[in-house]
Amino acid sequence: MEGANEWMSLPANEKQLYDLFRSGKRHPAMEMADAAMKIKRSPNQVFLLLVGLRGSGKSSTVNYLFETNIARTSDSKSETRSTTEYMLQMKSNEWRIPDLTLSLIDTPGFGDTGGFAQDARNIMSIRYFLNSHPNLIQNNYPNLVMIIQSINDNRMEGESSSFAKMLKGLSQIDTIDHYNPNVVIVLTHATSIARNPKIWEERVKKKKEEVRAIVRLYLGIKPEIVVQENLPEENDLERDGDWYLLPNRDKQPKILYQACKRILDRAGDKLGHEAVAVGFIHGINKTVLKGFSILSSEVTSKDADKMHTILIQSIVQLSSSSEVGTMLENYKKKKNMTDLENDILILQVKFRDLHISNSSDLQTMTMNQLMSKFHPLKITSQMQKILGDVFGMHYKQ
Ligand SMILES: Nc1nc2c(ncn2[C@@H]2O[C@H](COP(=O)(O)OP(=O)(O)OP(=O)(O)O)[C@@H](O)[C@H]2O)c(=O)[nH]1
Ligand SMILES: [Mg+2]
């Protein structure tokens with residue numbers, strides 16, 4: 001390929017890319033930028049958005065992955081009150097890109113000590129950031145959304161948990177790509193649950209199942225999930241070359257890189273893959289700079305109020321609030337089957353969100369119509385059975 005061995009910066013938009021093509025230039029960077037724009041990712045920078053509850057370890061994850069202490073951490077009050085980018089400038093030798101930039105975006109923790117109104121403001125600061133970053137084109141998604149959750153945090157169970165509310169808020173600001181899923185869960189504080197490998201594995205497995213179900217419910221996608229200890233030295237993790245060994249001898253942050261790679265490859269996100277492949281290597285000389293930033297206080301009261309209302313609506317009681325909710329609740333009691341619980345909860349949440357409250361609303365609807373309303377969440381065979389049993393709904397051929 002002509003010119004493929006030269007170094008070249010990534011084009012910033014469609015116009016620049018087109019001009020390059022027209023001038024006869026051919027370079028892998030052009031293909032990568034083109035692929036990125038097709039899936040609504042930035043053509044010239046890679047963004048990993050870190051979100052999570054207060055104190056879950058977002059800022060610590062930035063410091064751990066970038067081998068720095070640039071992001072402030074604390075275990076008392078809500079520490080981070082801005083959406084801030086930390087940039088790692090790299091060279092991609094393989095693709096001959098001299099200025100590949102990987103950014104970790106640190107965000108304020110959900111469940112702020114300043115209350116629900118502050119949470120709304122914090123979530124909106126993420127939307128402002130994505131709207132106004134110079135290298136993000138309109139409606140671009142972050143290459144990855146990393147949901148950071150402490151593995152021993154119990155603010156996760158149930159419909160009204162902080163974790164559920166956070167996912168709800170997140171789904172409102174258009175960061176999750178349902179067509180090319182971009183979500184990875186990082187369970188931090190990995191060594192805090194056990195050190196004995198067998199017990200550790202059992203607890204990790206249970207936690208992963210729990211998180212997977214909740215994320216599927218609120219975001220409608222299946223995430224990758226990995227475990228990580230952000231303070232490996234303090235917690236005496238054994239080393240193996242560039243990696244640290246978790247109690248089951250999994251290597252970190254290799255497992256995180258591999259999970260990211262699976263997601264990025266599925267999406268066809270070559271640029272994201274390259275940035276993560278280079279950026280996660282341990283011990284390369286990393287210079288990290290603070291980049292673009294939006295303070296939560298910059299969010300207008302109007303936007304904050306709008307998000308506040310959405311968050312409050314999201315915690316309305318499920319079963320007692322509607323006829324269909326009650327019918328599902330009774331069915332669950334009658335069947336007394338715990339393996340139905342998740343699917344029933346999902347139906348209750350979806351009906352509430354779609355404002356379907358009376359069984360008569362469902363009688364005028366086919367399963368096919370309901371399916372399109374549920375999109376991107378799929379109706380499982382288990383749910384079909386429940387809908388058939390409780391509301392007499394069936395597929396029309
Ligand atoms: N042992 C252990 N401690 C951690 C880990 N991650 C974070 N911490 C500690 O947990 C506390 C909170 O970490 P932060 O990184 O400030 O959490 P955050 O999510 O940025 O918090 P906010 O900005 O307030 O939302 C700090 O004392 C960290 O040192 C981890 O993986 N293991
Ligand atoms: Mg923080």
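In each ligand, atom 1 is the first atom listed, and ligand 1 is the first ligand listed.
Counting the atoms of ligand 1 from 1 in the order shown, those under 4.0 Å from a heavy atom of Thr73 are 14 (P), 15 (O), 16 (O).
The salt bridge (charged side-chain N to carboxylate O under 4.0 Å, His left out) test applied to Asp19 returns Lys15, not counting sequence neighbours. Evaluation of the salt bridge (charged side-chain N to carboxylate O under 4.0 Å, His left out) rule for Glu274 yields no partner, not counting sequence neighbours.
Of all the heavy atoms of Ser74, the ones lying under 4.0 Å from any atom of ligand 1 belong exclusively to the backbone. At a heavy-atom distance under 4.0 Å, only side-chain atoms of Asn235, from C-beta outward, approach ligand 1.
Excluding water, every protein N/O/S atom under 2.8 Å from the Mg ion (ligand 2) is given here by residue and atom: Ser59 OG, Thr80 OG1.
When the options Leu53, Asp106, Asn63 are evaluated for a side chain to side chain contact (heavy atoms under 4.5 Å, CB included) with Lys58, the one that passes is Asp106. Just one of Ile176, Asn143, Ile126 meets the side chain to side chain contact (heavy atoms under 4.5 Å, CB included) condition when paired with Leu49; it is Ile126.
Checking only distances, Gly109 does come within under 3.5 Å of ligand 1, N or O to N or O. For Ser59, a nitrogen or oxygen atom sits less than 3.5 Å from a nitrogen or oxygen atom of ligand 1, counting backbone and side chain alike. Note: no N/O pair closer than 3.5 Å links Ala190 and ligand 1 by distance alone. Of the polar atoms of Thr188, none of the N or O atoms is found under 3.5 Å from an N or O of ligand 1, judged by distance alone. Checked by distance only, ligand 1 and Ser60 come closer than 3.5 Å through their nitrogen or oxygen atoms. Polar contact with ligand 1: absent for Arg72 (N/O pair, distance under 3.5 Å).
Between the side chain of Glu238 and the backbone N or O of Leu245 there is no donor-acceptor pair closer than 3.5 Å. Side chain of Gln16 to main chain of Ala12: a donor-acceptor pair is present (N/O by atom type, distance under 3.5 Å, no hydrogens or angles). Of the possible donor and acceptor atoms, one in the side chain of Gln252 sits under 3.5 Å from a partner among the backbone N and O of Glu229.
Under the 4.0 angstrom criterion for non-hydrogen atoms, Gly52 is not in contact with ligand 1.
Between Glu229, Glu234, Arg81, it is Glu229 that holds the heavy atom closest to atom 32 (N) of ligand 1.
Using modelled atom types and a 3.5 Å distance limit, the side chains of Asp303 and Tyr128 yield a donor-acceptor pair. Under 3.5 Å, the side chains of Thr73 and Ser60 contain no donor-acceptor pair of N or O atoms.
Under a 4.5 Å side-chain heavy-atom criterion applied to ILVMFWY residues, the cluster that includes Tyr179 comprises that residue alone.
Sparse packing is recorded around CD of Gln138, with 12 or fewer heavy atoms of other residues, nucleotides or ligands lying under 6.0 Å away.
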